[in-house]
Amino acid sequence: MDDDISDILASVSAPLPSQRKLDLQALTRAWVNERTSPTLLPYPSQLIDRVTDRIKKQIETIEEMTSDMDPKSNFILVVLQTELERFKFLVRSFLRARLAKIDKFPYHYRDLALSDPNILSHLEQQYLQSHQALLASHYHASFLSIFPQGLQKLDDTTGLSMIDRPEEDSAVFCRVLRDAGGVVIQSEGGAGEVELTRGDVWVLRWRAVKDAVVRGDVELL
Amino acid sequence: MALLLPPGLTPAEVGFLCEMELVTVIPRQRLDELQLLGGPTQPLNPPFPTPLPLWLALLLKRQKRANISPPPWLSVECLTSILDFETDVRTAEVLSPPPKLPRPTGVALEDEPYLSHESSELSPPFLPESSTSQAQSDALPYHWLELGHLLLTHAADDFDDANAIRRLLRDLQEVRMSKLRKGFRVLGPGAGVKMNGVGGMEVAEIRGFLLSGMSAGTNMMCRRINRPNEENQKEREANERENGFGGDDYQDDEDDMQL
């Protein structure tokens, strides 16, 4: 009981975290989720816009401080630059992990982007289209053109589909952030249910937790 | 340029995450509030202990501008009692429980966009008190191994008995890893596995070992169990080499964030 009261007091009196801190937390979660999930997650465009804006401004600040040549600010510069590099790493690794998935399953994500516009950013769409156009014309010029007409397509779905899809049944490590009820998991012996309780760490199939990750009830590890 | 790493964080990346944990710093010099991208830092005013992210604390430590006050669980006494729990036959099936979580802060709203602030819950490495001097002393937080390793490497003189702690961490690492592996050998391929209390570096280490069994379809695990022991052993060793602890194979200079 006393515990509960002190918890409530702590939550009331604690200062609200700044927008910047919240963005760092969100970016870190976005990065870990994207690095560990088998499929692309929605692109958090506002978050990435805010962060890249701040990175630009911080670079300007650092340049100004460098040109001042104030020996006192030398150490501060080291700190600012170290932090800047950490942020740049997060953003870069996040975007590169997404590109890797787009490169691996280009036709799948091209089709998915038509029905779900949030899945790819504007730039990623452009990249996907021009990259695929280049590849297709290269394949065509080097060997596809000598094939019979019916065998020239790269994304034929009649018969066995040529469009590769990511493996949604692969297993992921996840942490439950909020009680989220049960999820059904398929095993050999039939379907079982797993209760998602705050704080639990599970290894589950990606298919079973994907929606909960997008809702923010579960994060990947 | 697309990333060429398989899904899952590398040990170096887990270390990078761990460097965002808050630790308690005892400053030796004044330092004003800094406007960082991740929010302002607290001003340093010797000798008042102040929480700072680990990467910054290590930077200050290296320049002898501050000392780091280790979290209470990273002490001979506390680690010994946790090790007792881990080696007790009655708790041979589970890992020691993680620290108590703070109260949940948000509720999921309908149709909220992915990663929106209104409903986001804190989790490691951003839990406020998992590695500061206010941390709970009888439980290992998510980044226990990485944090202990980094502090013992770069701030060994801030401990009373660094060697004993190092030994205890190694013992804990071994007994927990053998539990994790034993636990997985009895797993069915489709079922979920509960792993409360597991640490970040441990996840990085066992990911390949576990997922190769679960993902490759239903027959994989049975085949693995039916195979002669020798072959199993060989495969396990190969897995260990692949997913080893060193992280030496991750040599992407451009992205190398080690301080």
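Just so you know, these numbers use all the heavy atoms, side chains as well, and skip hydrogens, waters and symmetry mates. By convention in this document, chain letters (A, B, ...) are assigned in the order of the sequence lines, proteins followed by strands, and residues within each chain are numbered from 1.
Of the atoms belonging to B/P98, not a single heavy atom falls under 4.5 Å from chain A. Residue B/L115 touches chain A through both its backbone and its side chain, counting heavy-atom pairs closer than 4.5 Å. The contact between B/Q35 and chain A is made entirely by backbone atoms, counting heavy-atom distances below 4.5 Å. With a threshold of 4.5 angstrom between heavy atoms, A/I102 does not approach chain B through any atom at all. Residue A/L47 touches chain B through its side chain alone, counting heavy-atom pairs closer than 4.5 Å. With a 4.5 angstrom heavy-atom cutoff, A/V194 does not touch chain B via any of its atoms. In this structure, chain B has heavy atoms under 4.5 Å from both the backbone and the side chain of A/D23. Contact annotation for A/W31: only side-chain heavy atoms (C-beta onward) come within less than 4.5 Å of a heavy atom of chain B. In this structure, the portion of B/L17 lying under 4.5 Å from any heavy atom of chain A is its side chain and not its backbone. Looking at A/L84, both its backbone and its side chain come within 4.5 Å of chain B, counting heavy atoms on both sides. In this structure, chain B has no heavy atom under 4.5 Å from any part of A/Q46. In this structure, the portions of A/Q25 lying under 4.5 Å from any heavy atom of chain B include both its backbone and its side chain.
Nearest approach of A/G199 to B/L101, heavy atoms of both residues: CA-CD1, 3.5 Å. Across all non-hydrogen atoms, the minimal contact from B/S123 to A/R175 is CB-NH1, 3.8 Å. A/V203 and B/M195 get closest at one heavy-atom pair: CG2-CE, 3.9 Å. The two residues A/L90 and B/M20 come nearest to each other via the heavy atoms CD1-CE, 4.0 Å. Here the closest heavy-atom approach between residue A/R29 and residue B/L122 is recorded as NH2-C, 4.1 Å. Among all heavy-atom pairs drawn from A/S18 and B/P40, the shortest one is OG-CD, 4.2 Å.
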Verdict with reasoning, A/F173 to B/V198, per side chain to side chain contact (heavy atoms under 4.5 Å, CB included)
CA-CA 10 Å; A/F173 285 74; B/V198 73; 5.6 Å; no
For side chain to side chain contact (heavy atoms under 4.5 Å, CB included), just list the numbers for B/W55 and A/V79, CA-CA rounded to whole Å, side-chain angles, deciding distance to a tenth of an Å, and then say yes or no.
CA-CA 10 Å; B/W55 65 267; A/V79 175; 4.1 Å; yes
Kindly indicate, with the supporting measurements, whether the criterion side chain to side chain contact (heavy atoms under 4.5 Å, CB included) is fulfilled by B/F16 and A/T28.
CA-CA 11 Å; B/F16 172 79; A/T28 308; over 6 Å; no
For A/R35 and B/L5, what are the C-alpha separation, side-chain angles and deciding distance, and is it a side chain to side chain contact (heavy atoms under 4.5 Å, CB included)?
CA-CA 9 Å; A/R35 280 285 283 113; B/L5 298 166; 3.5 Å; yes
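Side-chain atoms of A/R20 never come within 3.5 Å of backbone atoms of B/G38 as a donor-acceptor pair (strictly under, hydrogens ignored).
Counting heavy-atom pairs closer than 4.5 Å to chain A, the top-ranked of the candidates B/P128, B/P124, B/P125 is B/P124. Counting heavy-atom pairs closer than 4.5 Å to chain B, the top residue among A/V32, A/D200, A/V214 is A/D200. Counting heavy-atom pairs closer than 4.5 Å to chain B, the top-ranked of the candidates A/T61, A/L99, A/D179, A/L220 is A/L99.
Atom CG of B/L56 and atom CZ of A/R86 lie 10.0 Å apart (nearest 0.5 Å). To the nearest 0.5 Å, atoms CG (B/L36) and CG (A/L24) are separated by 10.0 Å. In this structure, CZ on A/R98 lies 13.0 Å from CG on B/L3, to the nearest 0.5 angstrom. Considering CG of A/L221 and CD of B/E202, their distance stands at 12.0 Å, rounded to 0.5 Å.
Residues A/L22 and B/F126 fail the side-chain proximity criterion, which asks for heavy atoms closer than 4.5 Å. With a 4.5 Å cut-off on side-chain heavy atoms, B/P53 and A/E83 do not count as touching.
Environment of CG in A/L114: crowded, with over 12 heavy atoms of neighbouring residues, nucleotides or ligands closer than 6.0 Å. Counted within 6.0 Å of CD on B/E93, heavy atoms from surrounding residues, nucleotides or ligands total 12 or fewer; the atom is thus considered open.
Side-chain contact annotation: A/N33 with B/Y114, donor-acceptor N/O pair under 3.5 Å present.
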